[in-house]
Protein chains: 2
Amino acid sequence: MNKTMTATKGAFPGVRHDHGDCVAGALRAAEELCAQRGARLTKLRRRVFELVWSSHAPVGAYDLLRRLARERDGAAPPTVYRALDFLRGHGLIHRIESLNAFVGCCAPGLAHAGQFLICSACGTAAEIDDPRLDAAIEKRAKALGFAIQRKTIEVEGLCPPCQARRS
Amino acid sequence: MNKTMTATKGAFPGVRHDHGDCVAGALRAAEELCAQRGARLTKLRRRVFELVWSSHAPVGAYDLLRRLARERDGAAPPTVYRALDFLRGHGLIHRIESLNAFVGCCAPGLAHAGQFLICSACGTAAEIDDPRLDAAIEKRAKALGFAIQRKTIEVEGLCPPCQARRS
DNA sequence: TAAGATATGTTATATTATAACATTCTCAAA
DNA sequence: TTTGAGAATGTTATAATATAACATATCTTA
């Protein structure tokens, strides 16, 4: 496996991972998906996507806006929110409800629930896709006759490096 | 079991459940808990608690504020948010992150994660506390060396009555 | 190239939440 | 029974997040 691998699904990206590769890979995947679907990954949308992917920590919309405004005149809230809506609609990013923030999806195109472990110290979010966890939810819902439309699983805590740093 | 039972944990309250009993029971539990802890469930806090409990659907803070303002002069956002903070701090209500709204806790005083099934049609939220679900999360977190602090599990979908209503 | 659809620009405003300081209330010790 | 300290609430202002509505530009394809 590549030393400079992209974020591994279900784990926290290593401290020394090559984030440039991360972003490049994500962008490639996004472009492929959009091409397949005839969706237009415009300059603006691509840029917002890159900004969301600028780290593995979820980013707020107004944070994105501030950064976008540096390089583009007249960027306003709708500029960002519309791009985010597009990206979300195509499963390229997720919204972290408990943080009002957005993070790149590590498995775009794959059906998955969007389960996250989020470090409250460094902000890093690890997207996990635990089939057991998913199964447990499906099972319980089925038992109650509940028809699932959308799942939000966000677990806040300390990632291993931050635990080490504290002790 | 009582015909006019309060909300059963892990299920949607029956259409014909006696909601007055629901609220009364919740209020009794809250008073007990606060008494045990020496926490002051003041008039204002009690009233906000009742308003949150006015239905099994999560209620927004400004919704609460509007209702509170009808019966109390000078009610302002902090009035409501402070009461909500108190109630949340004592585990008497939960915040539904995906809705920016608040709902009464069906099992105050018990350690539990706050797992919800939320009907997107009628708004009703059923608090489940599925040990398997919880175990699945704990297990996965442990495997990754992640130290859990807070869990947010919110599943949106259609409750049985609303499914029936649609077909 | 012109028309329709899609995307973006622009202005305004809605919704949710908190900061900061003043006043009132409560409870226990003097 | 005061009184003083801490807790709770009142009050004003503002921050942070998100959307509405309409104008303009750009893309696509007939």
Side-chain angles (χ1 to χ4, degrees), chain A residues 30-31 34-52 57-90 92-103 123 152 154, chain B residues 30-31 34-52 57-90 92-103 123 152 154:
Chain A
E31 268 165 355
C34 287
Q36 274 173 28
R37 295 177 183 170
R40 289 162 58 185
L41 186 59
T42 62
K43 225 175 206 179
L44 172 62
R45 288 164 176 174
R46 182 197 319 272
R47 188 64 190 128
V48 170
F49 183 78
E50 286 170 355
L51 290 173
V52 169
V59 196
Y62 278 71
D63 236 349
L64 292 168
L65 176 55
R66 272 184 289 275
R67 298 196 223 170
L68 200 61
R70 277 184 216 136
E71 42 189 74
R72 170 184 285 262
D73 276 4
T79 313
V80 156
Y81 279 104
R82 284 195 287 231
L84 290 172
D85 284 349
F86 170 88
L87 297 170
R88 256 201 314 158
H90 287 283
L92 300 173
I93 61 171
H94 292 283
R95 179 171 208 275
I96 304 297
E97 302 291 345
S98 57
L99 297 175
N100 295 337
F102 302 84
V103 73
T152 301
E154 296 169 9
Chain B
E31 269 163 355
C34 286
Q36 274 173 29
R37 295 177 183 169
R40 288 161 60 183
L41 186 60
T42 61
K43 227 177 205 178
L44 172 62
R45 289 165 175 174
R46 182 197 318 273
R47 187 65 190 128
V48 170
F49 182 78
E50 286 169 354
L51 290 173
V52 170
V59 197
Y62 278 71
D63 237 349
L64 292 168
L65 175 55
R66 274 183 289 275
R67 298 195 223 170
L68 201 61
R70 277 184 216 136
E71 43 189 70
R72 170 184 285 261
D73 277 4
T79 313
V80 156
Y81 280 104
R82 285 195 286 230
L84 290 172
D85 284 349
F86 170 87
L87 297 170
R88 255 198 318 154
H90 286 283
L92 300 173
I93 62 171
H94 291 284
R95 179 169 208 274
I96 304 298
E97 303 291 346
S98 57
L99 299 175
N100 294 338
F102 303 83
V103 72
T152 302
E154 297 169 6

- Query: If only atom types and distance count, is the side chain of A:R47 paired as donor or acceptor with the main-chain N or O of A:E71 below 3.5 Å?
  - Reply: no

- Message: Under a 3.5 Å threshold, yes or no: a donor from one side chain and an acceptor from the other, between A:E154 and A:S98?
- Response: yes

- What's the spacing between B:R45 CZ and B:L92 CG if we round to 0.5 Å? 10.5 Å

- How many angstroms lie between atom CG of B:L68 and atom CG of B:D63, to the nearest 0.5 angstrom? 12.0 Å

- Message: Whole angstroms only, please: what is the CG-C1' distance between A:L68 and C:dG9?
- Response: 13 Å

Report, one pair per line, the protein and nucleotides 8-17 of chain D atoms (nitrogen or oxygen only) whose separation is under 3.5 Å.
from: D:dA8; atom 1: OP1; to: B:R45; atom 2: NH1; distance (Å): 3.2
from: D:dA8; atom 1: O5'; to: B:R45; atom 2: NH2; distance (Å): 3.4
from: D:dT9; atom 1: OP1; to: B:T42; atom 2: OG1; distance (Å): 2.5
from: D:dT9; atom 1: OP2; to: B:R45; atom 2: NE; distance (Å): 3.4
from: D:dG10; atom 1: OP1; to: B:R72; atom 2: NH1; distance (Å): 3.2
from: D:dG10; atom 1: N7; to: B:R82; atom 2: NH2; distance (Å): 2.5
from: D:dG10; atom 1: O6; to: B:R82; atom 2: NH1; distance (Å): 3.0
from: D:dG10; atom 1: O6; to: B:R82; atom 2: NH2; distance (Å): 3.4

- Interatomic distance where CG belongs to B:L65 and P belongs to C:dT18 [whole Å]: 14 Å

- Query: Can you list the steps and then say if B:V52 with B:L84 is a side-chain contact (heavy atoms from CB on, under 4.5 Å)?
  - Reply: CA-CA 9 Å; B:V52 170; B:L84 290 172; 4.0 Å; yes

